[in-house]
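Only this structure's heavy atoms are used, side chains among them; waters, hydrogens and symmetry mates stay out. The structure presented is a predicted model; accordingly, all values stated were derived computationally and were not measured.
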Amino acid sequence: MKKVVSPQEQRIQYEIEEKKPAFIHENRATKILSRIRGEKPQIDIERGLYFTQSFQETEGEPLILRWAKALMHYVKHATVYIDDDQLLVGRSGKQGRYGILYPELDGNTLGEAIETLPTRTISPFSISEEDAKIVSEEIAPYWVGKTFHEDLAKSFTKETTKLTYNQDKELTSRYIVNETASFRSSLQWVHDYEVVLEKGFLGLKKEAEERLSELDEYSPVDYTEKLPFLQSVIITCDAIILWADRHGDLAEKLAQEEKDPKRKVELLKIAETCHYVPKNPPRTFYEAMQAQWFTQMFSRVEQKTGTIISNGRMDQYLYPFYLKDKKAGIITDDEVQELFECMWVSMDQFVDLYLSEAGGSFNEGYAHWEAVTIGGVTKQGYDAVNELTYILLKSKREFPLNYPDLAARIHTGSPKRYLYEVAKTIKDGAGFPKLINDEEVVPILLSKGAAFEEAYDYSVSGCAECRMPNRDTYTSPNAYINFAEALEIGRKFYKVFTEPGCRRGRSACTTSAKGREKSPHCFG
């Protein structure tokens, strides 16, 4: 009997036999993917270095202001790159596959990690000797005693610590109850890309400046809470605008050196785009995509999110730009799909770097889950499926990456073609999209106090969590429990308490207190 395999399995088999990617179509994104596929990721230390330098200079200031100043310091000094063939620019690390450092989370383990990361079998990363020396001598020493990882450990009770960490100075995991809070600053949320596309960061800066001018200088709340927040907003807006401008300057420089006339034109267009967005509201679909990507990537520099940054409802907030450009005849559906795939391959190059072996063990090979949400209903409650919805589904069938994750919102009024295309994409066998039922989610959000417009506009973030932009986020401090070990502990517990001579309970125990402490089986 002939074995029946899915299209995804056919592509996998082809790659095994031919030792090369199985591309359904080829474009500039697949060219980039061919170059970086299977490449060992490298550590880029610049984010960690420039944040450290800035934090050393701003001690004593409000934390939110220190963070904004660190972002600006990074923007002024970090190296910017533009990949060959790439149309969307903006990365937070070296070319190829890369990971970046967040020493404020677990910098107390940096010294040891830098020595073991290049050679460990679990999620290895490469790093140059020069960069390793900077980490060990300039970055790591400053953060000892200041990290979230250490503060978290101090807050645990003795019983929790016993199950979470080995009793060593590095606080390594016991793999029983594993805290995950120090793996990231936050878990997941949906960025409000729409407000960036409507106002640009210059518009957001002007709003903050207006609110700043209205503060009461004699109000303690205004002076201690609102003032540093608004100052931080202004600095952050300036930082991302400068970051984009630096990419524009690099594109101009590369265009002057470029021999290929077609690529020269592309680089000049990249330069013009970076000097315009995300500073201003985008005018075209291409500018909107670039503004979204700058926003998404800059948030990765700001803080570690376990890389779970939702792309939100791309078929909704990008649709007006698509519609305008299609009517004007300045973009085709193939070009739109290529731009999406330029973003997908850039996501693939950003690798979540876990310093601890526990983080690497739990997350090795794990996808980022930057979910794109399609379908559902509009903010007014009407069916939201449009041409971009189908282009995104088509890209997920044709582009050989698990980035991004895709979530399809379904409701009773979903078009038959949409349901067919969703089913066709699932049948492909790559595991996308996941189905989210509006009939269940919207009433739940309404019952929790959301307005109809907010509930109708929810997006998926992470696995299947439903989030409303500017309304909710989620952080999990303890995502990993070793249930097999819990059963084993229970078995040992039962064995000890049923052995002859064991007196159930500490007060009647015949073993000394010191003996109980040493025994791995005693929980009396």
Side-chain angles (χ1 to χ4, degrees), residues 48 51 55 63 66-67 101-114 116-117 120 122-123 139-189 303-308 352-364 366 462 465 473-494 496-497 505-507 509 511-524:
F51 262 63
F55 268 72
L63 181 59
R66 296 180 74 190
W67 218 276
L101 300 177
Y102 301 87
E104 68 275 10
L105 288 177
D106 48 9
N108 61 308
T109 65
L110 259 176
E112 181 200 11
I114 290 303
T116 61
L117 271 169
R120 75 184 189 187
I122 298 170
S123 297
I139 301 177
Y142 174 76
W143 294 99
V144 174
K146 300 183 179 73
T147 65
F148 175 80
H149 183 219
E150 293 162 286
D151 280 350
L152 180 70
K154 288 175 187 175
S155 71
F156 285 171
T157 63
K158 185 178 179 180
E159 290 75 16
T160 303
T161 303
K162 181 179 179 180
L163 295 174
T164 305
Y165 296 120
N166 291 310
Q167 300 307 303
D168 55 20
K169 63 178 181 177
E170 287 82 20
L171 299 172
T172 57
S173 176
R174 282 198 71 190
Y175 296 94
I176 300 175
V177 177
N178 199 87
E179 60 87 6
T180 61
S182 66
F183 290 1
R184 58 203 170 214
S185 300
S186 180
L187 179 57
Q188 56 183 243
W189 64 75
Q303 63 175 306
K304 186 174 186 178
T305 59
T307 67
I308 299 176
D352 207 3
L353 167 58
Y354 292 95
L355 293 180
S356 69
E357 285 213 21
S361 298
F362 283 117
N363 293 279
E364 186 170 36
Y366 200 63
E465 294 83 353
T473 180
Y474 181 69
T475 299
S476 167
N478 178 31
Y480 305 128
I481 298 174
N482 187 339
F483 289 104
E485 180 64 19
L487 289 171
E488 180 64 11
I489 289 173
R491 186 188 69 80
K492 293 175 181 176
F493 182 89
Y494 176 79
V496 169
F497 271 67
R506 183 178 292 271
S507 60
C509 185
T511 306
S512 68
K514 190 173 287 187
R516 284 198 302 268
E517 292 243 340
K518 287 182 179 180
S519 171
H521 308 304
C522 184
F523 295 86

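- Heavy-atom minimum distance, Gly48 versus Pro103: CA-CD, 3.8 Å.
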(request) Please report the C-alpha distance between Phe483 and Leu487 in whole Å, then the side-chain angles of each, then the deciding distance to 0.1 Å, and finally whether the side-chain contact (heavy atoms from CB on, under 4.5 Å) criterion is met. (result) CA-CA 6 Å; Phe483 289 104; Leu487 289 171; 5.7 Å; no
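- Residues meeting the ring pair (Phe, Tyr, Trp, His ring centres under 6.0 Å) test with Phe148, sequence neighbours left out: none.
- Residues meeting the side chain to side chain donor-acceptor pair (under 3.5 Å) test with Asn166, sequence neighbours left out: Thr172.
- Annotation: side chain to side chain donor-acceptor pair (under 3.5 Å) contacts of Thr147 (sequence neighbours excluded): Asn108, Glu150.
- Residues that satisfy the salt bridge (charged side-chain N to carboxylate O under 4.0 Å, His left out) test with Glu488, not counting sequence neighbours, are Arg491.
- Residues forming a side chain to side chain donor-acceptor pair (under 3.5 Å) with Thr161 (at least two apart in sequence, or on another chain): none.
- Distance check, rounded to the nearest 0.5 Å: CD of Gln303 to CD of Glu104 gives 8.5 Å.
- Residues that satisfy the side chain to side chain donor-acceptor pair (under 3.5 Å) test with Thr157, not counting sequence neighbours, are Thr160.
- Under the 3.5 Å distance criterion, the side-chain polar atoms of Tyr175 are left unmatched by any main-chain donor or acceptor of Glu485.
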(message) I'd like to know whether Tyr102 forms a side-chain contact (heavy atoms from CB on, under 4.5 Å) with Phe51, so could you lay out the CA-CA distance, the side-chain angles of the two residues, the decisive distance to 0.1 Å, and finally the verdict.
(response) CA-CA 9 Å; Tyr102 301 87; Phe51 262 63; over 6 Å; no
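- The aromatic rings of His149 and Tyr165 lie perpendicular to each other, with more than 60° between the two planes, well past the 30° mark.
- Between the CZ atom in Phe55 and the CD1 atom in Ile139 there is a gap of 13.5 Å [rounded to 0.5 Å].
- Evaluation of the side-chain contact (heavy atoms from CB on, under 4.5 Å) rule for Asp151 yields Lys154 as partners, not counting sequence neighbours.
- Looking only at distances, a side-chain donor or acceptor of Lys304 sits under 3.5 Å from a matching main-chain atom of Leu353.
- In this structure Ala140 satisfies the side-chain contact (heavy atoms from CB on, under 4.5 Å) test together with Leu110, sequence neighbours excluded.
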